[in-house]
Amino acid sequence: MSNISITVAELLLRGIPECLLVMWALHVFTRTKIIPTKYFLLSLFQLILVYLVRFLPVALGVNSVLSLVIAVVIFQFAYQTQISETIRTILAAAIALLLLAVSEALNMGLLILLYGYEETEQLLLYANSGWQRSLYSFPSILFLALFILLSQRILKKMDGKKAKHGETGETTGP
């Protein structure tokens, strides 16, 4: 197994929620209505493909870029949008990846604050099982969900203001 491979426990406890959140982020940032069957199928494909990418002999970080490409490709395949929407999907995937990185950094900072640097490194690198590693990294999933929820609310407010732009409150016509 490569140094970026994950256990089945990590796939279940971290991979599933993370893929669901990444697909949710793509829907939020592209302002695409969630169709539940497509959403869950996209999340499942993302989970499987990202899991398989982790077995490739690639450098750390390349797997993240490949995951980004996979997310864009399957999202575009599912919704078959115009080229301008493809650009929006690429940006949405990049934002989702950035939010994921920030969430993981916040989780790491939280663990370091609670346990200290050396102990945190030991917890994450040498945990007895994938279940333990998943437990220690789970706050990053919560941070990511919070970021996406906040982003969704901000975008809805922005969309609401756009719809009201130009309104005077006066009626026209006879």
Side-chain angles (χ1 to χ4, degrees), residues 1-30 32-81 85-112 120-149 151-152:
M1 292 175 94
S2 70
N3 61 344
I4 58 174
S5 61
I6 58 174
T7 66
V8 174
E10 290 170 300
L11 179 71
L12 295 174
L13 291 176
R14 182 169 169 84
I16 291 173
E18 192 171 287
C19 285
L20 288 168
L21 288 171
V22 166
M23 281 301 141
W24 180 34
L26 286 179
H27 283 84
V28 167
F29 293 121
T30 60
T32 303
K33 183 179 187 279
I34 292 179
I35 300 168
T37 52
K38 276 188 182 184
Y39 172 73
F40 287 112
L41 281 174
L42 287 171
S43 298
L44 177 64
F45 285 139
Q46 175 80 3
L47 178 71
I48 292 167
L49 293 172
V50 167
Y51 183 71
L52 293 175
V53 161
R54 289 178 166 267
F55 288 106
L56 294 175
V58 296
L60 192 61
V62 174
N63 66 312
S64 298
V65 173
L66 290 173
S67 299
L68 179 96
V69 171
I70 288 168
V72 169
V73 169
I74 64 175
F75 191 85
Q76 286 303 117
F77 181 76
Y79 288 100
Q80 299 181 359
T81 59
E85 295 299 315
T86 302
I87 294 168
R88 184 182 281 188
T89 304
I90 292 168
L91 289 173
I95 292 168
L97 184 66
L98 178 66
L99 290 177
L100 182 60
V102 170
S103 298
E104 289 177 358
L106 286 173
N107 182 58
M108 192 71 160
L110 181 65
L111 289 173
I112 290 170
T120 297
E121 189 174 38
Q122 294 295 320
L123 289 172
L124 295 177
L125 292 178
Y126 303 109
N128 293 334
S129 69
W131 295 102
Q132 277 185 317
R133 266 192 308 273
S134 296
L135 180 65
Y136 291 128
S137 65
F138 195 75
S140 67
I141 296 293
L142 297 176
F143 287 132
L144 180 59
L146 180 64
F147 288 147
I148 296 168
L149 186 62
S151 298
Q152 184 178 36

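- Atoms CD1 and CG, on Ile112 and Asn107 in that order, are 10.0 Å from each other to the nearest 0.5 Å.
- Residues Leu47 and Ile16 meet the side-chain proximity criterion, which asks for heavy atoms closer than 4.5 Å.
- Between the CG atom of Leu91 and the CZ atom of Arg88 there is a distance of 9.5 Å, given to the nearest 0.5 Å.
- Between the OG1 atom in Thr86 and the CD atom in Gln80 there is a gap of 11.0 Å [rounded to 0.5 Å].
- Residues Glu18 and Glu104 share a closest heavy-atom pair of OE1-OE2, 4.1 Å.
- Between Leu66 and Leu56 the shortest side-chain heavy-atom distance falls below 4.5 Å.
- The structure places CD1 of Ile48 at 11.5 Å from CD1 of Ile70, a figure rounded to the nearest 0.5 Å.
- Inter-residue side-chain proximity for Leu49 and Ile74 is flagged as met; some heavy-atom pair is nearer than 4.5 Å.
- Counting all heavy atoms, side chain and backbone alike, Tyr79 lies closest to Ile35 at OH-N, 4.1 Å.
- Taking the side chain as every heavy atom from C-beta outward, His27 and Leu42 approach each other to under 4.5 Å.
- Leu144 and Ala96 get closest at one heavy-atom pair: CD1-O, 4.4 Å.
- Under the 4.5 Å side-chain criterion, counting only non-hydrogen atoms from C-beta, Phe40 is in contact with Leu20.
- Judged purely by atom type and a 3.5 angstrom limit, Ser67 has no side-chain atom pairing as donor or acceptor with the backbone of Val50.
- Nearest heavy atom pair, residue Thr89 against residue Gln76, reads OG1-OE1, 2.6 Å.
- Here Leu68 contributes atom CG and Leu98 contributes atom CG; the two are 11.0 Å apart, rounded to the nearest 0.5 Å.
- Nearest heavy atom pair, residue Ile141 against residue Pro17, reads CG2-CB, 3.9 Å.
- Leu26 places none of its side-chain heavy atoms less than 4.5 Å from the side chain of Tyr39.
- Between Thr32 and Phe75, the closest heavy-atom pair is OG1-CZ, 3.8 Å.
- Looking at Arg14 and Glu10, no side-chain N of the basic residue comes within less than 4.0 Å of a carboxylate O on the acidic one, giving no salt bridge.
- A 6.0 Å sphere centred on CZ of Phe45 holds no more than 12 heavy atoms belonging to other residues, nucleotides or ligands.
- Between the CE atom of Met23 and the CD1 atom of Ile148 there is a distance of 11.0 Å, given to the nearest 0.5 Å.
- Proximity of Leu99 to Phe143: side-chain heavy atoms (C-beta onward) are nowhere separated by under 4.5 Å.
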